[in-house]
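Bear in mind that the values here come from a model prediction, so they are computed numbers and not experimental data.
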Amino acid sequence: MIASRSCLFVAALVLLPGTGLAIAADAPATPTREFEIRGDRPYLGGEPVKLWGLRCGNALMSPAVTERHVRCLDNLAAHGINLIAVGMQGTNGGFPSVDAGPNAYLPDGRLQAGFAKRLEWLAREADRRGMVVAIYLFQPRKDQELRDEAAIRRAIEETGRLLAERKLRNTFVNIMHEFSHPVRADHDILREPDGAARKARLTAWFKAVAPDIEAGICPNHNSGSPVVYPGADLRFFQEDMPIPAEGFAVNVETHDNDEPGNEGVFNRFHRASMEADWAKYLDKPRLAMIFHSSYGEGITNVAGTGPNPEMGGYGTGPSDKGVRFYHEWVRDHAGRWEYPRHVPIR
């Protein structure tokens with residue numbers, strides 16, 4: 001049971017900034033389209049879909065930052081991007097502080113009300129556009145802020161209940177990103193050895209309260225921890241790990257080619273390497289890819305504007321920072337997103 005259920009939503013109407021959308025805690029939740037996997041194919045609202053993603057790990061850190069991401073959803077869809085990834089525990093904060101990312105959980109695992117509201121806001125706005133939200137619960141830079149294994153379980157269960165009770169079904173969950181990180185994963189249950197049993201246990205806690213939400217765990221790419229384990233609905237991998245040969249598989253973090261402090265700048269070798277990697281996911285519905293950049297996720301950054309959900313410039317230099325080239329590549333190769341399919345622009 002969640003003793004703090006009332007802390008997630010207040011009884012009064014909550015007006016979400018910039019949307020005119022009011023959410024009442026005691027009002028029935030309207031189900032979003034349901035994301036599910038049939039065989040090795042992703043479906044949304046009963047329709048087969050091809051997913052192209054953008055990683056926005058720090059999108060829930062404040063109402064203003066979440067609003068910026070919501071306001072970008074139409075542009076993402078116009079460029080064929082129909083999957084946005086957000087973190088309950090923020091990822092690498094980049095320049096000037098790698099630890100600047102937020103944390104939705106209190107030390108005992110309670111989910112903070114503000115994060116719950118912002119997640120629902122983003123998920124429902126994504127659903128209006130026929131988009132999917134990937135939710136990362138724990139990050140190796142933040143897992144130590146949870147007190148113990150009981151706190152980890154509570155965080156999993158409170159987040160699962162939020163998704164189930166508010167009927168946010170256009171989602172899937174990466175319970176621990178970079179499981180068994182060689183340096184920064186602190187709690188034993190988030191590390192090898194005996195990783196298969198530990199991953200299965202974490203996943204069982206989530207599925208017990210949110211049985212209809214697909215979930216899995218992504219191992220750190222240097223850990224040697226396997227992608228496949230008992231109970232996983234999805235096969236998560238990252239960076240330069242090999243693409244799993246079977247099942248619905250998601251690269252939940254492509255290799256970032258822009259460096260913190262020089263975020264949003266890419267040379268022609270970066271571009272060629274990235275485009276060759278993206279091409280591996282074309283015409284393969286069982287595969288999805290979530291593009292990652294320091295420009296998109298860094299907090300503050302040199303320019304003082306991060307995290308940046310906007311596509312910005314073409315990344316050719318300090319006066320042209322951005323990832324516009326990724327958006328345009330997806331649009332040109334997949335088409336714009338008009339649920340339930342991509343529509344070629346030519």
Could you tell me the separation between the [atom1] atom of [X] and the [atom2] atom of [Y], rounded to the nearest 0.5 Å?
X: Phe172; Y: Phe236; atom1: CZ; atom2: CZ; result: 5.0 Å
X: Glu263; Y: Ser293; atom1: CD; atom2: OG; result: 9.5 Å
X: Asn222; Y: Met241; atom1: CG; atom2: CE; result: 9.5 Å
X: Arg191; Y: His181; atom1: CZ; atom2: NE2; result: 9.5 Å
X: Arg124; Y: Leu119; atom1: CZ; atom2: CG; result: 10.5 Å
X: Phe206; Y: Thr203; atom1: CZ; atom2: OG1; result: 9.0 Å

Should the pair [X]-[Y] be classified as a salt bridge under the 4.0 Å nitrogen-to-oxygen rule?
X: Asp99; Y: Arg141; result: yes
X: Asp233; Y: Lys207; result: yes
X: Glu36; Y: Arg38; result: yes
X: Arg161; Y: Glu158; result: no
X: Glu149; Y: Arg153; result: no
X: Glu338; Y: Arg336; result: yes

Should the ring pair Tyr326 and Phe291 be called parallel, tilted or perpendicular, given that the plane angle runs from 0 to 90° and is split at 30 and 60?
-> parallel
Under 30°, 30 to 60°, or over 60°: which ring-plane class applies to His270 and Phe266, parallel, tilted or perpendicular?
-> perpendicular
List in chain and number order the residues that pass side-chain hydrogen bond (donor to acceptor under 3.5 Å, both in side chains) with Glu145, two or more places apart in sequence or in another chain; answer none if no residue qualifies.
-> Asn103
Tell me, do [X] and [Y] make a side-chain contact under 4.5 Å, heavy atoms counted?
X: Pro244; Y: Val228; answer: no
X: Phe95; Y: Thr300; answer: no
X: Lys280; Y: Asp277; answer: yes
X: Thr254; Y: Met289; answer: yes
X: His255; Y: His292; answer: no
X: Tyr43; Y: Pro340; answer: no
X: Phe35; Y: Glu214; answer: yes
X: Thr30; Y: Lys167; answer: no

Taking the six-membered ring for Trp and the single ring otherwise, decide whether the centroids of Tyr314 and Phe325 are under 6.0 Å apart.
-> no
Please confirm whether the backbone N or O of [Y] pairs with a side-chain atom of [X], one donor and one acceptor, at under 3.5 Å?
X: Asp143; Y: Leu190; value: no
X: Asn174; Y: Cys218; value: yes
X: Asp108; Y: Arg110; value: yes
X: Asp127; Y: Arg33; value: yes
X: Asn170; Y: Val132; value: no
X: Asp148; Y: Ala151; value: yes
X: His187; Y: Leu146; value: yes
X: His69; Y: Val65; value: yes
X: Thr32; Y: Leu168; value: no
X: Arg198; Y: Pro193; value: yes

[X]-[Y] co-clustered via ILVMFWY side chain contacts under 4.5 Å:
X: Ile37; Y: Val133; value: yes
X: Met311; Y: Met131; value: no
X: Val98; Y: Val302; value: no
X: Leu122; Y: Tyr339; value: yes
X: Leu137; Y: Leu106; value: no

Can you give me the closest heavy-atom contact between [X] and [Y], atom names plus distance?
X: Pro42; Y: Leu51; result: CB-CD1, 4.5 Å
X: Leu60; Y: Gly87; result: CD1-O, 3.9 Å
X: Pro219; Y: Pro226; result: CG-O, 3.9 Å

List the steps and the verdict of side chain to side chain donor-acceptor pair (under 3.5 Å) for Gln238 and Glu253.
-> CA-CA 5 Å; Gln238 67 161 162; Glu253 181 184 12; 2.7 Å; yes
Arg128 and Glu125: salt bridge (charged side-chain N to carboxylate O under 4.0 Å, His left out), yes or no, with the steps?
-> CA-CA 5 Å; Arg128 287 178 55 199; Glu125 288 292 331; 2.8 Å; yes
Test side chain to side chain donor-acceptor pair (under 3.5 Å) applied to Asn251 and Tyr281, step by step = CA-CA 10 Å; Asn251 186 338; Tyr281 297 83; 3.3 Å; yes
Full working for side chain to side chain contact (heavy atoms under 4.5 Å, CB included) between Thr171 and Ile213 = CA-CA 7 Å; Thr171 59; Ile213 305 292; 3.8 Å; yes
Polar side chain donor-acceptor pair, [X] to [Y], under 3.5 angstrom:
X: Lys199; Y: Ser225; answer: yes
X: Thr159; Y: Tyr105; answer: yes
X: Asp256; Y: Tyr295; answer: no
X: Thr305; Y: Asn308; answer: yes
X: Glu328; Y: His79; answer: no
X: Thr91; Y: Arg55; answer: yes

Taking it one step at a time, do Leu163 and Arg169 satisfy side chain to side chain contact (heavy atoms under 4.5 Å, CB included)?
-> CA-CA 7 Å; Leu163 299 177; Arg169 297 173 180 169; over 6 Å; no
Criterion side-chain contact (heavy atoms from CB on, under 4.5 Å) against Met176, the qualifying member of Ile156, Ile217, Asn220, Ile152 | Ile217
Pi-cation contact, Trp52 with Lys50 (under 6.0 Å, within 45°) | yes
Above 12 or not: heavy atoms from other molecules or residues under 6.0 Å from CZ of Arg341?
-> no
Arg324, Arg71, Lys321, Arg68 screened by salt bridge (Lys or Arg N to Asp or Glu O under 4.0 Å) with Glu310, the one that passes = Arg68
